[in-house]
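No hydrogens, no waters, no symmetry mates; every other heavy atom, side chains included, goes into these values.
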Amino acid sequence: MTEQVVVIGAGVIGITTALELQCCGHSVLVLDKGGVAAETSAGNAGAFAFPEVEPLATPGIMLKAPKWLLDPLGPLSIPPAYALKIAPWMYRFWRASQPGQYARLLEAQANLMRLSAAALERLLPSVNGEPLMQRDGQMQLYESEAEFRASLQAWEVRCAHGIKFELLESPAAIAEKQPGLSSRFTHAGFTPDWLNTIDPKKWVEHLAQAFRGRQGRIEQQDIRALTPLENGVRITTQGGTIDTAKLVLAAGAWSHHLARTLGDHIPLETERGYNTTLPEGAFDLRMHLTFSRHGFVASRINGGVRVGGAVELAGLSLPPNFKRADTLLKKATQFLPGLNTEGGTQWMGFRPSLPDSMPVIGRSPNAADVIYAFGHGHLGLTQSAGTAELVAALIDDRDVPISLAPYSPARF
């Protein structure tokens with residue numbers, strides 16, 4: 001049997017895309033080895049971070065890296081066993097952070113953020129999704145006048161792209177919005193249009209339920225390879241083959257392995273992130289908090305608190321180092337003095353990241369019936385609805401609302 005459209009990946013990108021394709025009239029089958037929200041979509045911070053228009057590859061960022069790397073439990077870590085393998089990716093990242101490249105990537109990020117914010121607002125009423133949203137904003141915190149002043153250029157960039165924000169320049173002003181923070185935080189920036197889901201796993205499961213309710217199918221399959229056909233694509237699984245007219249590859253951190261079976265070599269790497277989720281009542285958290293200097297966040301999940309972040313460039317195979325989660329939680333107790341750390345659950349997830357901070361959204365150079373939609377890094381949840389609309393337009397051969405050149409799989 002030949003399927004009309006198969007989506008590989010049942011995380012937030014895959015499920016949101018499947019739902020959008022379904023709304024455009026397609027019969028859609030979703031395949032995933034682990035099932036719905038089985039990986040990174042289950043345990044992230046739950047943020048729709050639309051104000052974050054700057055790419056990670058910013059000018060001067062590589063000057064900070066050596067200092068971070070000296071601390072094995074700091075904001076950035078590369079285990080010695082993985083250092084040589086990650087070197088080519090880091091070189092590409094450095095190239096992307098040069099001023100000329102940065103300006104181009106900033107525009108691309110801002111365009112995808114605007115589209116994704118509008119697309120989410122279109123999606124929410126169609127799936128009765130508003131009860132799963134928290135529209136409380138986000139506060140980015142600084143520990144000194146100097147640190148705050150150093151951040152102003154980034155706030156000017158947000159202003160230039162129409163991002164609403166309020167700068168707070170005293171502990172008292174911060175406490176009005178979020179009581180209970182340490183007085184070490186002297187300045188902050190508040191972005192009111194930032195929103196979070198109450199639980200990223202519940203959000204993806206909610207979308208999957210809507211998809212199934214409209215006759216969509218989701219199957220667990222261990223996929224081994226993709227082969228282009230004269231018209232369509234053949235999917236080789238552990239148990240056999242499936243033919244489809246069109247295929248969307250949205251398998252997150254595992255996507256590049258399948259892309260390689262088509263002859264496409266995408267330089268995707270894995271930013272491993274760690275967190276601890278504390279139960280309801282752990283702290284009176286009123287919004288998403290970003291501890292800029294320390295590279296982690298605190299977000300409200302199911303009435304509790306999720307403390308997590310940082311970057312560990314270590315691929316898919318090395319064992320997790322949960323000392324990183326312990327370190328983040330220890331810092332959080334210093335920053336949120338009333339935080340109750342009992343009853344926490346630790347987690348590690350794989351963020352699929354490309355060296356220029358942009359995802360891959362576009363046709364495979366070697367298989368016209370395959371659309372790639374992966375590599376969103378920290379922003380998979382944020383950019384999911386926008387990505388879904390772009391993929392649906394490509395499947396239908398419609399015009400797209402933004403240029404896809406910055407996200408092209410052929411750019412590497």
Side-chain angles (χ1 to χ4, degrees), residues 44-54 74-75 132-159 162-200 273-310 325-344 378 382:
N44 60 66
F48 291 92
F50 300 123
E52 295 302 294
V53 294
E54 273 202 298
L132 282 84
M133 296 295 118
Q134 300 172 132
R135 297 180 182 268
D136 302 319
Q138 178 252 183
M139 192 151 57
Q140 199 155 333
L141 294 152
Y142 307 101
E143 296 178 63
S144 68
E145 176 84 16
E147 187 183 344
F148 173 67
R149 295 297 168 196
S151 77
L152 290 180
Q153 184 177 357
W155 291 106
E156 290 171 4
V157 167
R158 293 184 181 98
C159 183
I163 305 298
K164 296 178 184 178
F165 61 85
E166 178 186 356
L167 298 180
L168 310 172
E169 302 192 43
S170 72
I174 293 170
E176 284 185 15
K177 293 188 179 296
Q178 175 59 69
L181 279 165
S182 167
S183 61
R184 68 195 290 164
F185 297 107
T186 58
H187 298 71
F190 175 68
T191 47
D193 291 339
W194 181 296
L195 68 155
N196 286 60
T197 175
I198 62 170
D199 183 334
Y274 294 83
N275 66 43
T276 303
T277 303
L278 303 170
E280 188 172 358
F283 187 81
D284 180 21
L285 189 63
R286 301 186 182 182
M287 66 189 68
H288 186 101
L289 299 179
T290 301
F291 301 99
S292 306
R293 177 181 165 191
H294 303 274
F296 76 95
V297 305
S299 56
R300 196 165 76 249
I301 302 292
N302 294 319
V305 177
R306 179 166 289 167
V307 175
D326 294 335
T327 297
L328 297 180
L329 192 59
K330 183 177 179 180
K331 285 186 176 181
T333 61
Q334 299 168 16
F335 302 162
L336 308 170
L339 183 67
N340 181 352
T341 60
E342 295 180 2
H378 299 246
T382 303

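Atom CD of Glu169 has more than 12 heavy atoms from other residues, nucleotides or ligands within 6.0 Å.
Counting heavy atoms from C-beta on, the side chains of Gln140 and Pro51 never come closer than 4.5 Å. At least one side-chain heavy atom of Trp194 sits under 4.5 Å from a side-chain heavy atom of His288. Side-chain contact check for Met133 versus Thr197: some heavy-atom pair is nearer than 4.5 Å. Side-chain contact between Arg149 and Tyr142: absent, with no pair of heavy atoms (C-beta onward) separated by less than 4.5 Å. Between His378 and Glu52, the closest side-chain pair of non-hydrogen atoms is not below 4.5 Å. Between Leu181 and Pro171 the shortest side-chain heavy-atom distance does not fall below 4.5 Å. Arg300 is not listed as a side-chain neighbour of Asn196, based on a closest heavy-atom distance of 4.5 Å or more.
Distance alone, capped at 3.5 Å, places no donor-acceptor pair between the Ser182 side chain and the Pro337 backbone. A donor-acceptor contact shorter than 3.5 Å is absent between the side chain of Glu54 and the backbone of Val157. Although no hydrogens or angles enter the test, the distance criterion places no donor-acceptor pair under 3.5 Å between the side chain of Arg286 and the main chain of Lys177. In this structure, Arg158 contributes its side chain and Ile163 its backbone to no donor-acceptor pair below 3.5 Å.
Using the six-membered ring where Trp is involved, Phe148 and His187 have ring planes that are parallel, under 30° apart on the 30 and 60° scheme. Classified by interplanar angle (parallel below 30°, tilted 30° to 60°, perpendicular above 60°), the ring pair Phe335/Phe185 is perpendicular.
The two residues Thr341 and Leu278 come nearest to each other via the heavy atoms O-CD2, 3.6 Å. The heavy-atom pair separating Gly309 from Leu328 by the smallest distance is N-CD1, 3.6 Å. The nearest pair of heavy atoms linking Gln134 to Ile198 is CG-CG2, 3.7 Å. When all heavy atoms are compared, the tightest approach of Val305 to Ala298 is CG1-CB, 4.3 Å. Contact detail for Leu329 and Leu339: the closest heavy-atom pair is CD1-CD2, 4.3 Å. Between Ala45 and Val297 the shortest heavy-atom distance is CB-CG2, 3.9 Å.
The distance from the CD atom of Glu176 to the OG atom of Ser170 is 7.5 Å, given to the nearest 0.5 Å. Here the CD-CH2 distance, from Glu166 to Trp155, works out to 10.5 Å after rounding to the nearest 0.5 Å. One distance of note links NZ of Lys164 with SG of Cys159; it measures 12.5 Å at 0.5 Å rounding. For the atom pair CG of Leu195 and CZ of Phe50, the computed distance is 6.0 Å after rounding to the nearest 0.5 Å. Summarising the geometry, atom CG belonging to Asn302 is positioned 4.0 Å from atom CG belonging to Asp199; distances are rounded to the nearest 0.5 Å. Here the straight-line distance linking atom CG of Leu336 with atom CG of Leu285 works out to 7.0 Å at 0.5 Å rounding.
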**Request:** Please assess Phe190 against Met287 for the test side-chain contact (heavy atoms from CB on, under 4.5 Å), listing each intermediate value before the final yes or no.
**Result:** CA-CA 10 Å; Phe190 175 68; Met287 66 189 68; 3.6 Å; yes

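Thr290 and Gln138 form a side-chain donor-acceptor contact under 3.5 Å, judged by distance and modelled atom types alone.
For the side chain to side chain contact (heavy atoms under 4.5 Å, CB included) with Gln178, the qualifying choice from Asp136, Leu141, Leu289 is Leu289, the only one to do so.
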